[in-house]
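Every chain is numbered from 1 and lettered A, B, ... according to where its sequence line falls, protein lines coming before strand lines. Fair warning: this is a prediction, and the values are worked out from it, not measured in the lab.
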Protein chains: 2
Amino acid sequence: MSNKTTRDEIIEAADDLFYRQGYEHTSFADIADVVKISRGNFYHHFKSKDVILDAVINKRLADRKAMLERWEIEGETPEDRIRSFIDILIVNGAKIKRYGCPIGTLTSELAKLNHAARGDANRLLMLFRTWLRRQFEALGRQADADLLAMHLLARSQGVATLSNAFQDEEFLRQEVEQMYGWLRLYAAGAAPE
Amino acid sequence: MSNKTTRDEIIEAADDLFYRQGYEHTSFADIADVVKISRGNFYHHFKSKDVILDAVINKRLADRKAMLERWEIEGETPEDRIRSFIDILIVNGAKIKRYGCPIGTLTSELAKLNHAARGDANRLLMLFRTWLRRQFEALGRQADADLLAMHLLARSQGVATLSNAFQDEEFLRQEVEQMYGWLRLYAAGAAPE
DNA sequence: GTCTATACGCGGATAGAC
DNA sequence: GTCTATCCGCGTATAGAC
């Protein structure tokens, strides 16, 4: 279709820089360098830095929604689909090792800044939480589907944090194997409670 | 003994503010307000903000070392001691819900900033990793003690991250119960591998 | 040791020409 | 829609008096 608009290029560059450097630590100058526009031109597209953050969060939401819908179609069973979720740790292993989880680190940063967009960023986590909950429900775990979703989310976050801190992609792989094993128990109906 | 020196007061205030607001987001003015000194006076005690960060990290290291030694003395069995570790999630539950884990969030922030003190902050995580590893060794898990230590560390980190994001202390309690159960398997020698 | 005054650069934001 | 020029406040840091 049409070429990317300048606006889209700004959002893309900001998305990447916010991930790699953090939101607060990324300046307009940083973004302008990547997009190759002047700093003044910025304000034609966004009236403040906060508005760029909003756009980045919305882009991430749209990206992740599309990804989850793909998994929904491609996965034949709920177990397959939940495995797709666990797999991102492997697929994005190198980046997670360097920069952590894009969703978890943004959430944590905005929480610490007590930023107005905090709640919006949490919708990203909530998106996965809800999607995972539905998968566990489909596995017949109506009673504790949300708890299981939270449990898996928490383990992913923890693994990402430590993999990043210790620069250890191998540890991440081992934990992923354990999560597969854990999931199999539930898929086989062999899990307790 | 003697009164706290101004230097100590600065470190204490910085420790608290770095935790609640993040390192980068905390200015000298913020610290000066708490300690009630002028900004200029700062540089008599520390020649730059980075040096304050070093001092804060060293204070946290000393504090945690003392805590681990206490657990070592008070806990009668390795299981007791590991339970003490899990318990901090409960003891500090309210603060974790508001600000996350003091160690994990600092580590993540410095990683994102690619800050020179990154490695120093990681020593905090490593302190717990090594201590936990020794406890699992004492439980007879020589072969995988470090993996188990990392696993427990990761789970704590993940639980802290989600409890903070969703402002949910109840979830944290439930996960702690699960960790107790998980630990019991190893203490009873009933765990696999 | 603590203060006031001040330098200096950076980051976000605005005005207005082209 | 993009640019240059510029403003302004904040944050780190320094100088030097008391």
Side-chain angles (χ1 to χ4, degrees), chain A residues 1-59 106 109-110 112-118 120-121, chain B residues 1-57 106 109-110 112-118 120-121:
Chain A
M1 302 286 187
S2 58
N3 280 331
K4 263 179 295 188
T5 64
T6 302
R7 190 192 146 87
D8 289 338
E9 286 184 29
I10 292 173
I11 296 172
E12 255 179 54
D15 186 13
D16 183 52
L17 288 167
F18 289 175
Y19 176 38
R20 282 165 33 215
Q21 309 185 333
Y23 168 69
E24 193 174 31
H25 194 58
T26 298
S27 69
F28 280 3
D30 292 335
I31 305 173
D33 280 351
V34 173
V35 184
K36 290 185 180 57
I37 56 169
S38 68
R39 270 181 297 163
N41 189 7
F42 252 106
Y43 295 83
H44 177 73
H45 302 283
F46 301 92
K47 80 171 206 296
S48 79
K49 197 181 174 186
D50 289 354
V51 179
I52 301 183
L53 177 59
D54 285 342
V56 167
I57 291 173
N58 283 329
K59 174 178 159 42
L106 181 65
E109 182 183 1
L110 296 184
K112 203 133 278 200
L113 299 181
N114 206 9
H115 191 284
R118 212 194 143 156
D120 288 322
Chain B
M1 302 282 187
S2 57
N3 280 332
K4 263 179 293 189
T5 64
T6 301
R7 190 192 147 88
D8 289 339
E9 285 184 30
I10 291 173
I11 296 172
E12 255 179 55
D15 187 13
D16 182 52
L17 287 166
F18 290 175
Y19 175 39
R20 283 165 32 214
Q21 309 186 334
Y23 167 69
E24 194 175 32
H25 194 58
T26 299
S27 69
F28 281 2
D30 292 336
I31 305 174
D33 281 351
V34 173
V35 184
K36 291 188 179 55
I37 56 169
S38 69
R39 272 181 297 164
N41 189 7
F42 252 104
Y43 295 83
H44 177 73
H45 302 283
F46 301 93
K47 80 171 207 298
S48 78
K49 195 180 172 184
D50 289 354
V51 179
I52 301 184
L53 177 59
D54 285 343
V56 166
I57 291 173
L106 180 67
E109 182 182 1
L110 296 184
K112 204 132 276 200
L113 300 181
N114 206 11
H115 192 284
R118 213 195 141 154
D120 288 323

Quick one: [X] [atom1] to [N] [atom2], roughly how many Å, whole number?
X	N	atom1	atom2	answer
Asp33(A)	dG11(C)	CG	P	10 Å
Lys49(A)	dC10(C)	NZ	P	15 Å
Phe28(A)	dT14(C)	CZ	C1'	12 Å
His115(A)	dG12(C)	NE2	C1'	13 Å
Ile52(B)	dG11(D)	CD1	P	14 Å
Phe42(B)	dA13(D)	CZ	C1'	12 Å
Asp30(B)	dC10(D)	CG	C1'	11 Å
Ile10(A)	dA13(C)	CD1	P	13 Å

- prompt: If only side-chain N and O atoms of Tyr43(A) are considered, is one of them under 4.0 Å from the OP1 or OP2 phosphate oxygen of dA13(C)?
  reply: yes
message: Applying a 4.0 Å non-hydrogen cut-off, can you work out what Thr26(A) is touching in the nucleic acid: base, sugar-phosphate, or nothing?
response: sugar-phosphate
Is there a side-chain contact between [X] and [Y] in this structure, where contact means two heavy atoms from C-beta onward sitting under 4.5 Å apart?
X	Y	value
Ile11(A)	Asn58(A)	no
Phe28(A)	Phe46(A)	no
Val34(B)	Glu12(B)	no
His25(B)	Asp30(B)	no
Leu106(B)	Val56(B)	no

field: Residues Glu109(B) and Lys112(A) bridged, charged N to O under 4.0 Å
entry: no
When you compare the protein's N or O atoms with those of nucleotides 1-3 of chain D, which come within less than 3.5 Å of each other, and at what distance?
unit_1 : atom_1 : unit_2   : atom_2 : d
dT2(D) : OP1    : Thr6(A)  : OG1    : 3.1
dT2(D) : OP2    : Thr6(A)  : OG1    : 3.3
dT2(D) : OP2    : His45(A) : NE2    : 3.1
dT2(D) : O5'    : Asn41(A) : ND2    : 3.1
dC3(D) : OP2    : Ser38(A) : N      : 2.8
dC3(D) : OP2    : Ser38(A) : OG     : 3.1
dC3(D) : OP2    : Asn41(A) : ND2    : 3.4

